[in-house]
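Below is one structure, written out as structure tokens, with a few remarks after it.
In what follows, residues are counted from 1 in the order of the sequence shown. Order of appearance sets the numbers: ligands from 1, and atoms from 1 within every ligand.
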Amino acid sequence: MAETRLRFAPSPTGFLHVGGLRTALFNYLYARHVGGRFILRIEDTDQSRKVDGAAENLMESLRWAGLDFDEGPGVEGDCGPYIQSQRLDHYQKYAQQLLEQENAYPCFCTEADLQQMREEQQAKNEDTRYDGRCRHLAPEEAKEKLASGTPHVIRMKIDPTRPAYVVKDLIRGEVRFTPDQIDDQVLVKSDGFPTYHLANVVDDHLMSISHVIRGEEWLPSTPKHIQLYEYFGWDIPEFAHLPLLLNTDRSKLSKRQGDVATEDYRNKGFLADCLINFVALLGWNTQDDQEIYSMRELIENFSLERVGKSGAVFDTNKLRWMNQQYIKQKSPEELSVLLQPYLPDFAKQSDPEQLQKIIQIVRDSLITLPDIASRLDLFYNDNPELQDDALLAQVKSDPFQQVYKGFVAQLEQADELTSENFGQIMKKVQKETGIKGKNLYVPMRIALTLVEQGPDLSAVVNVFGKEKCLQMVKNVIE
Ligand code: GLU
């Protein structure tokens, strides 16, 4: 049986869009699930849209996300090079073949001709498309123009007599297009570079791609691709078009409503395994609605049968929730490594053991990695003070004041303050004041952590020690 081969084929026009990350991931998961190969191909034939450094940036985002490819730039296999601008002779050869077979024709229309054509069609309320005028040029006239060096493109012929072009899609079933919906697509531009359509089909064939998984926006291109496969007499790969990504208001996911670059999420302190988990659920799920998946589980469970057709909502609140779950699952050692770029210098230069303890204490409150900075002040400032007005009002109340005074009295008699004797001290305060449970601990929590709900108090006092705790409680005594 032929090998299962999938590819991710981004154009290096900027950053890796989260939609692109989802496409790459689904190709990767499918390949890994069936034991096939995952290939990266850089589609850079559109010179006008090419951005310097974008290919390297895409690869860095894929590497960060853990999507390693088996063949691609820098990981050479049998089908390289994997950068289209290094494969131009292939496209020229196959464009020539189509011309010879009369499946394609030179088109000499200028930009002005095309503009006029569009305007006339719009005036008649018709769909705007190429009207095929150069397709019907007398062969001698075309030859003459070519001989005299008239600028031209090469267009493919769409068969107007065909009842329909049928795309068999693994997610959508059969999708039919009538020939009048499809333009005689440009295959080679006047600068001699192939368009996406020609280069994509030629490379999918030469790279023996068995499955093409890509975004829904490419579905209207697929009938053109099918026609090219037929002209060349090549096997047609399986197609699967993934549902659109939507904002929470169900409009198409756009920069205007939030971040769309994988690197934005990376820079904002989302974890790679979380983003992968989150993106995997954009259009795919398992029957049991499980939410947290490791990469191994994703690979094990992935199937195209469970990819939906309708748009998938990119809900950043869900992503934030998920990131918090991932941070909670990390060991303090793993988390310390991840937090390094976000640590202020004073923390980096502090006692590593102490820092590790602090990280463990605040871990569960972190939603994204940069949150660490605001959590450290409590521990590194010798005398952090309560700022919140509502809490300041609360600490003035009588029962709170009783707790504070009782605590100071007990603590002053103790040699030190650790997690162990904190419980005993609190018991004594309870005995002296008659205040217990929540009424005893909430005041202490506010005085020592400056928030109502926070990390485990006995762990906090252990890091603070006696003097700092005394000072902080004294700060709130009237
Ligand atoms: N180069 C296209 C892109 O940028 C690839 C589409 C496809 O996968 O066929 O998305």
Applying the ring pair (Phe, Tyr, Trp, His ring centres under 6.0 Å) test to Phe270, which of Trp64, Tyr265, Phe278 qualifies? Tyr265

Contact between Lys189 and Ile154 at the side-chain level, heavy atoms closer than 4.5 Å - yes or no? no

Pairs under 3.5 Å, nitrogen or oxygen of ligand 1 with protein nitrogen or oxygen:
from     : atom 1 : to     : atom 2 : distance (Å)
ligand 1 : 1 (N)  : Ala9   : O      : 2.8
ligand 1 : 1 (N)  : Ser11  : OG     : 3.0
ligand 1 : 1 (N)  : Glu43  : OE1    : 2.6
ligand 1 : 4 (O)  : Ser11  : N      : 3.3
ligand 1 : 4 (O)  : Ser11  : OG     : 3.0
ligand 1 : 8 (O)  : Arg7   : NH1    : 2.6
ligand 1 : 9 (O)  : Arg7   : NH2    : 3.1
ligand 1 : 9 (O)  : Tyr196 : OH     : 2.8
ligand 1 : 9 (O)  : Asn200 : ND2    : 3.1
ligand 1 : 9 (O)  : Arg214 : NH1    : 2.8

Just grab all the side chain to side chain donor-acceptor pair (under 3.5 Å) pairs involving residues 28-43, residues at least two apart or on different chains. Tyr28-Asp68, Tyr30-His211, Arg32-Asp70, Arg37-Glu71, Arg41-Glu43, Arg41-Asp204, Glu43-Gln84, Glu43-Asn200

Side chains of Arg162 and Gln227 in contact at under 4.5 Å (non-hydrogen atoms): yes

In this structure, CZ of Phe38 is separated from OG1 of Thr4 (nearest 0.5 Å) by 14.5 Å

Any side-chain heavy atom of Tyr229 sitting closer than 4.5 Å to one from Val201? yes

